[in-house]
**Student:** 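So that we are looking at the same thing, I have put the structure below in structure tokens.
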Amino acid sequence: MGRDGEPVGGPTDADWAAAVEAVRVLRADARVLLVCHVNPDGDALGSMLGFALGLRRLGVRHLQATFPGPAGAPEPFRWLPGVELLVPQDDAYPAPDLMICFDAASESRLGDLAGRLATAGTSLVLDHHASNTGFGRVNLVDPHAAATSVVALGLLDRLGVTLDAPMATGLYVALTTDTGSFRFEATTPAVHEMAARLLATGIRPGDISRRVFDTRPFGAVRLFGEVLGRATLEPEAAAGHGLVWAYATRDDLARHGQPAYVLEALIDPVRCTAEADVSCVVKQSGEAEWAVSLRSKGAVDVSRVAVGLGGGGHRFAAGFTGHGPLDEVIATIRAALPPPSYPHP
Ligand code: 5GP
Ligand code: MN
């Protein structure tokens, strides 16, 4: 981070060269393990699988992709090209020749797979979080990139891989996920230029958006109704910028017969709230454990809030893991938001 907490830098020429070298030196029988962050989203899975298909094009034969936690891609991503490369974390090469990490800002986001960093021959980190700790042997971290797939495509280009539709599909899912379908601030001309390149391979954006963003079981529609019905608005919170929060428990999921992934979309209707700059969804992930999603419209830097609570993310979108009863987790968030004296931009 530079002055004012603005992200600086991006990969240097030497970083790119080292990353290209790490792939080029692989022997024909080399084992390559790709890993993305726990509870993977479209950027994590899409950039990992798109890149994996590029490596396969280069002739890498022993190739696995994985992530910590329960095996199997969440339903909205099961159709992604390259999904057949996914293995349960316990089946992942114990000592790969090369380990490549996607969209993970820190080792902790790799769960039990973080140990592979020590047993791998070498490691490469592809990411776009300003808070990235640089935990790889080679780190390609571009805080200005809208998605990790921007970095992934940058490396595929430098490796001389010709983009095709299956590769482009994952990279496009990643780009649309992290730009909120080209609505967020990160949607630069370069983002649209990359989208144009991806679309030129013949992929179908309508089909992709419907599968990833606009399809959910009816039970999830009912569950959202219930959860949104008890959302709470605190206009005085966050130095008067306002906080809106909603929560969902494992019991809520069970009552509606829904898997946990459906809750990933819950932040979207919550963050529409006009009266709140900060929005928050608290999702129960264990007996007294909660996955917290934070969003901001700009007055509050939620990355700073999340980092302070042991998590990470970006200025407008961040998260952390909360512990204890729900009301304590909410109180912790409230207390971590800027006090009335906070200098707002
Ligand atoms: P989401 O709310 O969509 O899960 O995550 C929003 C952003 O916050 C993403 O950039 C994600 O990587 C980051 N994030 C979410 N949860 C955590 C967490 O527990 N730890 C860290 N370091 N980052 C998180
Ligand atoms: Mn991302």
Side-chain angles (χ1 to χ4, degrees), residues 7 35-51 67-69 74 76-77 101-111 114 125-135 140-153 170-181 184-187 191 212-213 245-248 260-271 278-286 289-296 301-323 329 332-333 336:
V35 182
C36 69
H37 66 72
V38 65
N39 195 12
D41 60 7
D43 188 24
L45 281 169
S47 56
M48 177 170 75
L49 297 179
F51 192 84
F67 51 84
F77 304 116
C101 306
F102 294 84
D103 205 37
S106 62
E107 286 173 68
S108 65
R109 300 281 286 159
L110 303 177
V125 165
L126 274 61
D127 189 32
H128 67 131
H129 292 90
S131 61
N132 191 291
T133 56
F135 57 91
L140 299 178
V141 179
D142 185 354
H144 296 288
T148 294
S149 70
V150 175
V151 182
L153 181 58
L171 301 177
Y172 185 83
V173 164
L175 196 61
T176 52
T177 296
D178 271 26
T179 58
S181 299
F184 300 159
E185 226 54 67
T187 312
V191 163
V212 175
F213 305 114
W245 57 272
Y247 70 95
Y261 83 80
V262 302
L263 297 177
E264 297 311 309
L266 188 58
I267 191 71
D268 291 316
V270 175
R271 71 183 174 81
V278 179
S279 50
C280 173
V281 168
V282 182
K283 297 161 277 191
Q284 188 176 26
S285 53
E289 189 187 272
W290 307 81
V292 182
S293 288
L294 293 166
R295 299 291 185 271
S296 157
D301 178 351
V302 287
S303 159
R304 210 184 285 186
V305 174
V307 168
L309 297 173
H314 311 279
R315 187 182 163 88
F316 300 99
F320 70 97
T321 303
H323 300 277
V329 173
T332 308
I333 296 165

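Order of listing sets the numbers, starting from 1, for every ligand and every atom in it.
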**Student:** Exactly which residues line ligand 1, taking a heavy atom under 4.0 Å from it as the test?
**Tutor:**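 Lining ligand 1 at under 4.0 Å, by heavy atoms, one finds Arg109, His129, Ser293, Arg295, Gly311, Gly312, Gly313, His314, Ala317, Ala318, Gly319, Phe320, Thr321.
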
**Student:** Might you confirm whether atom CD of Glu185 has over 12 heavy atoms from other residues, nucleotides or ligands at distances under 6.0 Å?
**Tutor:**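 No, CD of Glu185 has 12 or fewer neighbouring heavy atoms, counting only those of other groups under 6.0 Å.
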
**Student:** Which of these passes side chain to side chain contact (heavy atoms under 4.5 Å, CB included) with Asp127: Thr133, Asn132, Val151?
**Tutor:**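 Of all the options given, the one that passes is Asn132.
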
**Student:** Taking only residues two or more places apart in sequence or in another chain, which ones pass side chain to side chain contact (heavy atoms under 4.5 Å, CB included) with Ser108?
**Tutor:**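 For Ser108 the side chain to side chain contact (heavy atoms under 4.5 Å, CB included) partners, ignoring immediate neighbours, are Ser106.
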
**Student:** Strictly under 6.0 Å, is that where the ring centroids of Phe184 and Phe316 end up?
**Tutor:**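 Ring centres of Phe316 and Phe184 not closer than 6.0 Å.
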
**Student:** Using every non-hydrogen atom in the two residues, find where Ala248 and Trp290 come nearest and quote the distance to one decimal.
**Tutor:**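 Heavy-atom minimum between the residues: O-CZ3, 4.0 Å.
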
**Student:** Does the side chain of His314 come under 3.5 Å of the side chain of Asp178 through a donor N or O and an acceptor N or O?
**Tutor:**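 Judged by distance alone, the side chains do not pair up.
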
**Student:** Might you point out which heavy atoms bring Ile333 and Cys280 nearest each other, and give the distance in Å?
**Tutor:**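 Closest pair (atom of Ile333, atom of Cys280, distance): CD1-SG, 3.7 Å.
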
**Student:** What pair of heavy atoms forms the shortest contact from Ala186 to Val191, and how long is it?
**Tutor:**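 Smallest heavy-atom distance, with atoms named: O-CG2, 3.4 Å.
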
**Student:** Could you tell me which residues satisfy side chain to side chain contact (heavy atoms under 4.5 Å, CB included) with His37, sequence neighbours excluded, listed by chain and number?
**Tutor:**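 His37 satisfies side chain to side chain contact (heavy atoms under 4.5 Å, CB included) with Asp41, Ala44, Asp103, Ala104, Arg109 once adjacent residues are dropped.
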
**Student:** Relative to the Mn ion (ligand 2), how many protein N, O or S atoms have a separation of less than 2.8 Å?
**Tutor:**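 My tally for this metal is 4.
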
